[in-house]
Amino acid sequence: AARAEAERLLAERPRSVEGRVLLRLAEEPDLPLGAVRALGATPAHIDRLAGRGFIRMYDRRVERDPVAAVRGGQRPPPALSPEQLAAAETAWRERVTLIHGVTGSGKTEVYLDLVGRALRDGGGAIVLVPEISLTPQAIRRFGERFGDELAVFHSRLSTGELYDQWFRVERGEARLVLGSRSAVFAPVRKLELVVLDEEHEWSYKQSDPVPRYHARDVALKLGELTGARVVLGSATPDVVTYHRAETGQIVRVELATRLAPAEDGSVTEGALPSVQVVDMREELRAGNRSMFSRALRQAVREALVAGEQAILFVNRRGSARFVLCRDCGFLPLCPSCEVAMSLDAEASIHAMLRCHHCGHAEALRGRCRNCGSVSLALAGAGTEQLEAALRAIVAPLPVFRLDADTATGASDELLARFEAADAGVLVGTQLVAKGHDFAGIELGLVVAADAALAIPDYRAQERVFQLVTQLAGRVGRGGCGGRVIVQARDPNARALRYAANHDSTGFVREESEWRRTLGYPPFVELVYLELHSPTAGREIGRASCRE
C-alpha cells in the first residue's frame with residue numbers, strides 16, 4: 001500500500017516529498033529520523049503520513065562503536081620471550097612495577113599478556129597511552145586480541161560515542177579501557193590492572209582546563225584504593241619514577257633485548273640503530289649555512305634510493321626566543337638555577353635575558369661570554385620550513401608532515417599513507433617520535449636536537465634525552481638496526497652523549513646527581529606560586545618554593 005501510494009503521489013507531483021519518503025520506506029522499512037529528514041521531510045509531512053497510517057515513529061537505542069572495525073579477526077597471543085615472561089610474572093606479582101625496556105623490546109606484548117591475565121581472572125584493566133594520535137595503532141593491537149571486551153576513551157570521540165563507551169564499561173559489557181589520560185577515570189568494574197605506556201611523557205599531566213592532575217599520580221592512587229596492579233612502562237623512564245625504583249618504593253624490571261621479526265614469523269634478537277651526532281658548528285666553519293648537514297643530505301638520498309623510509313624530527317618546543325652562539329654553541333644559563341634564560345619579549349628598550357624559573361634577569365651582551373664571538377642568533381626552525389627544504393632534496397619522492405597543525409582529525413590517514421609508501425620521509429614534531437611501529441624505517445634524523453635545552457626548565461636535559469632516544473626507537477624495527485643522525489650545536493650535552501649510546505640508566509644516574517646537588521625533584525618538592533593584584537597589569541608576587 002505504501003509503494004502504491006508513493007507511485008501515485010510521484011505521478012501527480014514528481015517532486016513530492018511524501019512520495020519520496022514512502023518509496024524509500026518501501027525499500028528500507030526502518031529508517032532513522034535523520035535519513036527521513038534528509039529527504040526533505042518536515043514535521044508536517046511526517047505527521048500527515050503518520051496520521052494516514054503509512055508510517056510509525058518509535059525509539060530504538062543504537063550504540064555508536066568507534067572501534068567496530070578492529071573487533072574482528074582476533075589473533076592468538078604469541079609466545080613471550082623468557083625476558084618478557086619474567087617481566088610479566090614480576091608485574092603480576094607486585095603492586096607497582098616499572099618495566100624499563102629498550103625501544104622495540106616488546107613492552108606492548110607484556111601489557112597484552114597482563115591484560116589477558118586480568119580478564120581471565122574476572123577483572124578489568126585500564127591501558128593509557130600518552131597521545132591521542134597513538135590510539136589507532138594501540139586500538140588495533142588490543143582490539144585484535146580482546147575484541148568486544150575493548151572500550152576506547154579519548155577526546156576525539158563525539159559526545160555520543162563517549163557516552164556509549166562509558167556506559168558499556170559501567171554496565172560491565174567492556175572490561176578493558178584504552179585511551180589517553182582521562183581514561184584513568186573510567187568506571188571499570190573489579191579493576192585489577194592499570195598500565196601507563198611511555199610513563200615519562202609530560203602529556204599525562206593536564207594543566208588546562210580543570211581538573212588539573214597527572215594521570216600517573218591518579219593511577220598510583222587508584223591502585224592503592226582498589227588493590228589493582230599498576231605497571232609503568234618506558235624506554236626512558238622519568239627521573240622521579242626511576243628514583244622511586246632505586247629507593248625501593250616500586251619494583252623495576254628490565255627488558256634489555258630488542259626484538260625483531262624473523263622470516264618464519266617468530267621473533268629474534270634485533271640491533272639498536274647506530275647514532276651519529278653531527279657538530280653544526282663544524283658545518284658552519286666549512287661554509288654550510290643550510291639547516292641540513294652534509295651527512296644528513298647524503299644519508300637521506302642513500303636511504304630513498306634504496307627504497308627505505310625516513311623520519312625527520314624537529315623539536316619545535318625549542319623554537320622559543322632564546323639566544324645561541326653560532327660559533328661555540330654556548331647557551332646562557334641562569335647563574336643560580338642552571339636552566340636556560342629566554343630573551344624577554346616584553347623588554348622594550350634593552351634586550352634582556354630572563355630566567356623564568358627564579359626571575360633573574362640580565363642584559364643581553366653583544367658578544368658570547370664563552371668565546372667572545374659576535375655571532376649570536378635566535379634559534380629555531382619550524383616543520384613547514386623543514387618540509388619545504390626537504391622536498392627540494394628528495395623530489396619526486398613524497399614528504400609527509402605530522403605536527404599539531406596536520407594531526408587534528410587526519411593523523412590516521414596521513415600515517416597510513418606514509419606506511420603504504422615505498423619510500424618517503426615523515427617530518428614532524430614530537431608526535432613522530434612516540435609509539436609508532438613501522439618496519440620500513442631505516443633512517444632517523446634529528447634537527448636542532450639540543451634546541452630544547454633552551455627551555456627554562458630543570459627537566460630540559462631529560463626531555464631532550466627522551467625525545468632523541470624515542471626517535472631512535474622508531475628506526476630499524478625490521479631487524480637491520482638502521483641509522484640515526486643527530487644535528488646539534490652542542491654535541492657534548494649530556495643528553496646527547498647518553499642518547500647516542502642508548503644508555504638510559506647512565507643518563508638517569510648522572511641527571512639524578514645533578515638534581516641532588518642543585519636541589520631539584522625528586523630530592524625536594526617544588527611549589528610554584530603566583531599572586532596577582534585585582535588591578536589589571538599589576539603583578540604583586542612570584543615565588544618558587546622548595547621544601
Side-chain angles (χ1 to χ4, degrees), residues 96-102 196 198-202 204-205 214 216-217 219-221 230 232-254 256 317-318 322 329-342 354-360 370 449-470 488 490-529 542-547:
V96 183
T97 307
L98 168 63
I99 298 181
H100 183 185
V102 298
L196 271 84
E198 310 294 0
E199 65 84 29
H200 64 276
E201 286 289 348
W202 51 92
Y204 280 126
K205 183 175 182 179
H214 197 303
R216 184 177 59 215
D217 296 334
L220 292 170
K221 188 63 177 180
V230 179
L232 311 174
S234 178
T236 54
D238 187 283
V239 171
V240 173
T241 302
Y242 195 93
H243 177 74
R244 288 172 177 168
E246 290 284 273
T247 54
Q249 299 174 56
I250 62 177
V251 175
R252 171 177 168 266
V253 294
E254 191 169 1
R317 284 179 61 88
F322 67 93
F330 178 74
L331 182 71
L333 301 179
C334 172
S336 59
C337 301
E338 285 200 19
V339 298
M341 291 189 291
S342 300
R354 187 178 300 277
C355 173
H356 290 282
H357 193 67
C358 72
H360 170 81
N370 181 57
D450 51 348
L453 297 180
I455 298 173
D457 193 314
Y458 68 89
R459 293 161 293 196
Q461 290 275 354
E462 179 182 15
R463 291 181 174 178
V464 170
F465 172 80
Q466 289 166 345
L467 284 167
V468 174
T469 301
Q470 292 290 336
D490 182 13
N492 294 316
R494 66 176 178 272
L496 300 183
R497 284 190 285 108
Y498 283 105
N501 293 317
H502 307 286
D503 187 0
S504 177
T505 300
F507 171 79
V508 171
R509 287 177 176 167
E510 183 171 332
E511 177 75 4
S512 296
E513 284 305 309
W514 178 80
R515 292 192 190 183
R516 187 196 301 273
T517 302
L518 291 173
Y520 286 121
F523 304 101
V524 299
E525 296 288 335
L526 294 183
V527 179
Y528 183 75
L529 306 173
R542 181 183 293 238
S544 179
C545 307
R546 287 180 169 85
E547 288 185 356

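Residue numbers run from 1 in the order of the sequence given.
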Without hydrogens or angle criteria, can the side chains of H100 and S504 be said to hold a donor-acceptor pair below 3.5 Å? yes

Contact summary for P521 and R515, nearest pair of heavy atoms: O-CD, 2.9 Å

Could you check whether any side-chain N or O of R244 sits under 3.5 Å from a backbone N or O of Q249, counting only pairs where one atom can act as donor and the other as acceptor? no

Carboxylate-amine/guanidinium contact R463 E201, below 4.0 Å: no

Assess whether a salt bridge exists between R459 and E462, defined as any Lys/Arg side-chain N lying under 4.0 Å from an Asp/Glu carboxylate O. no

Taking ring pair (Phe, Tyr, Trp, His ring centres under 6.0 Å) as the cut-off, I'd like each qualifying pair that reaches into residues 499-518, sequence neighbours left out, listed once. F465-F507, W514-Y520

Just verifying a value: how many Å separate R494 CZ and Q461 CD, rounded to the nearest 0.5 Å? 4.0 Å

Side-chain donor/acceptor of D450 to backbone N/O of A488, under 3.5 Å: no

Answer whether the closest heavy-atom distance between the side chains of S512 and F523 falls below 4.5 Å. yes

Taking the side chain as every heavy atom from C-beta outward, state whether T97 and V253 have any atom pair closer than 4.5 Å. yes

Minimum heavy-atom separation for A219 to V230, with atom names? O-CG2, 3.5 Å

Look only at the side chain of R216 and the backbone of E199, and say whether a donor-acceptor pair between them is shorter than 3.5 Å. yes

Residue pair L220 / V96: nearest heavy atoms and the distance that separates them: CD2-CG1, 3.7 Å

Between the main-chain N or O of A499 and the side-chain N or O of D503, is there a donor-acceptor pair closer than 3.5 Å? no

Value rounded to 0.5 Å, distance of CG in L196 from CG in D238: 11.5 Å

Side chains of L526 and Y458: does their closest heavy-atom pair fall under 4.5 Å? yes

With sequence neighbours left out, what residues match R509 under side-chain hydrogen bond (donor to acceptor under 3.5 Å, both in side chains)? none

Would you say T241 and H200 make side-chain contact, with heavy atoms under 4.5 Å? no

Give me the atom names and distance for the closest heavy-atom approach of E198 to A235. OE1-N, 4.4 Å

T505 side chain reached by Y242 side chain, heavy atoms, under 4.5 Å: yes

Could you check whether any side-chain heavy atom of I99 comes within less than 4.5 Å of a side-chain heavy atom of E254, counting everything from C-beta outward? no

Rounded at 0.5 Å granularity, tell me how far CG in L98 sits from CZ in R252. 7.0 Å

V508 and P237 have their tightest heavy-atom pair at CG2-O, 4.2 Å

Do Y498 and E510 have side-chain N/O donor and acceptor atoms under 3.5 Å apart? yes

